[in-house]
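Data first, discussion second: the structure below is written as structure tokens.
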Amino acid sequence: MKEINVVSIKEAVQNCCKGHLDCATCKGKECLIGFAKLVSDYAASKKMLSIPNGLKMVPTQDYKTYDPHIVAAALAVINFECKNCQDSHDDNCIINIIRSALEVTLLGEHLEFTGNPLTYVMNLARINPEIGERVMQEYKLLKNG
Amino acid sequence: MGHAIFEQRSGILGVAVVTACGVIRPEQLAGLGELPKKVSVLGMKLTTRQTLIFLINEADLTVFQQEIQKIGLQIGVFGNIVRNVKGCAGSDQWCRRSFGDAFGLGVRIQEQFMNQPAPKDFKISTAGCPRGCTDPYCADFGVIAVGADRFDIYLGGRGGSKVPRHGQRILEQISGEQVMKVLDFVLQKYRQLGEENERLCRVIDRCGIDSFIPAPDVYIDEHSQPEELDDFSAFLAGQ
């Protein structure tokens, strides 16, 4: 089974950050992208692939708008790195936590994940065809190498 | 109750040896390798419950028992008792997915509770994460690590049956020390309420799960220290 590429995840999440030019003060863990960055930092430094209660800690009071194209690309990377655990899916897996943070920036709400990244992207396309199509395209590009 | 020593149809004995939740130290493995020089070991089998079955001649039983003791292992137990713990090796040392030291807790439970009497066989399983490789959802008493020294408890599962069942989660995020107290409480209740040969899930059907859920004062020490931040919260706080 392939290993999770945490470096790739970190880069994808970092690309979504609006940086100090847009945000006068970085809100860190209170910002959806800031939180996702911290999760990826934690995963990289502690070599942890799961965070107990991590999903419940995703901030919900961040109403900033992000570039949907960049976030969609990051969401594709996240789903590409997802290990397709099916019935053994763990909601508190670092991939799922970051996926949740990213989808909330795009949809404004959490989308249930049932263990299969392809099914997830298809569900995303049903809810928001434009974003779903973009994520699917990026996901296919990654899958096809 | 008694030792897990079974006469086979051929007259050969099958003797179960209990390990520490499936983990064997190198010197123990070497000791097991020396056994055939001292007794006639006709075959060995790894079981689903993490014991080792040895096929030996009855005449060799006493020597076999002595040799097993010498290398720090013990003969298994069988009957209406608490069985050996089927434990995940989940800990920082053994598994990247593990949330907490399920292995250490499993060994501790086995040392304290194995062979205690029960109305029917009572099987315990510990797991380091919700994937539950050791089938904690199908144990009479299942323990799943959800964080550092934080465990969820499942009660009334049953595997190895024509009618398997999943247990019900009765407590969340309690410490290893509290797990020990809850297990003691559950076993006491099971002995009080269970009829002879009545498996725990059946007693729960008859008496209700609430009878088996201890009040907080049973497992929470009023003098206990306030909880420390979990590792991730501490990481966030440090940013």
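Source: prediction; values computed, not measured. Each chain gets a letter, A, B and so on, in the order the sequences are listed, and its residues count up from 1.
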Decide if atom CD of B:E27 counts as having more than 12 heavy atoms of other residues, nucleotides or ligands within a radius under 6.0 Å. yes
State, to 0.1 Å, how close B:F235 and A:L38 come at their nearest heavy-atom pair, and which atoms those are. CE2-O, 3.5 Å
So for atom CE, which belongs to B:M44, do other residues, nucleotides or ligands contribute more than 12 heavy atoms lying within a distance under 6.0 Å? yes
Honestly, the part of A:C93 sitting under 4.5 Å from a heavy atom of chain B is neither
Within a 6.0 Å radius of atom CZ on B:R202, are there more than 12 heavy atoms belonging to other residues, nucleotides or ligands? no
Considering residues, nucleotides and ligands other than A:K18, do more than 12 of their heavy atoms fall under 6.0 Å from its NZ? yes
If you count the non-hydrogen atoms of other residues, nucleotides and ligands that lie under 6.0 Å from CD in A:E130, is the total more than 12? no
Using heavy atoms and a sub-4.5 Å threshold, report which of residues 131-149 of chain B line up against chain A, by residue number. B:R131, B:V146, B:G147
A:L141 CG: over 12 foreign heavy atoms closer than 6.0 Å: yes
Just checking A:D87: does its CG atom have more than 12 heavy atoms from other residues, nucleotides or ligands closer to it than 6.0 angstrom? no
Between atom CD1 of A:I97 and atom CZ of B:F232, what is the distance when rounded to the nearest 0.5 Å? 6.5 Å
Contact list (residues 49-76 of chain A to chain B, heavy-atom gap under 4.5 Å, by number) returns A:L49, A:S50, A:I51, A:P52, A:N53, A:M57
Before you tell me yes or no, could you show the steps for B:D231 and A:Y42 under side-chain contact (heavy atoms from CB on, under 4.5 Å), namely the whole-Å CA-CA distance, both residues' side-chain angles and the distance that decides it to 0.1 Å? CA-CA 10 Å; B:D231 194 48; A:Y42 178 79; 2.7 Å; yes
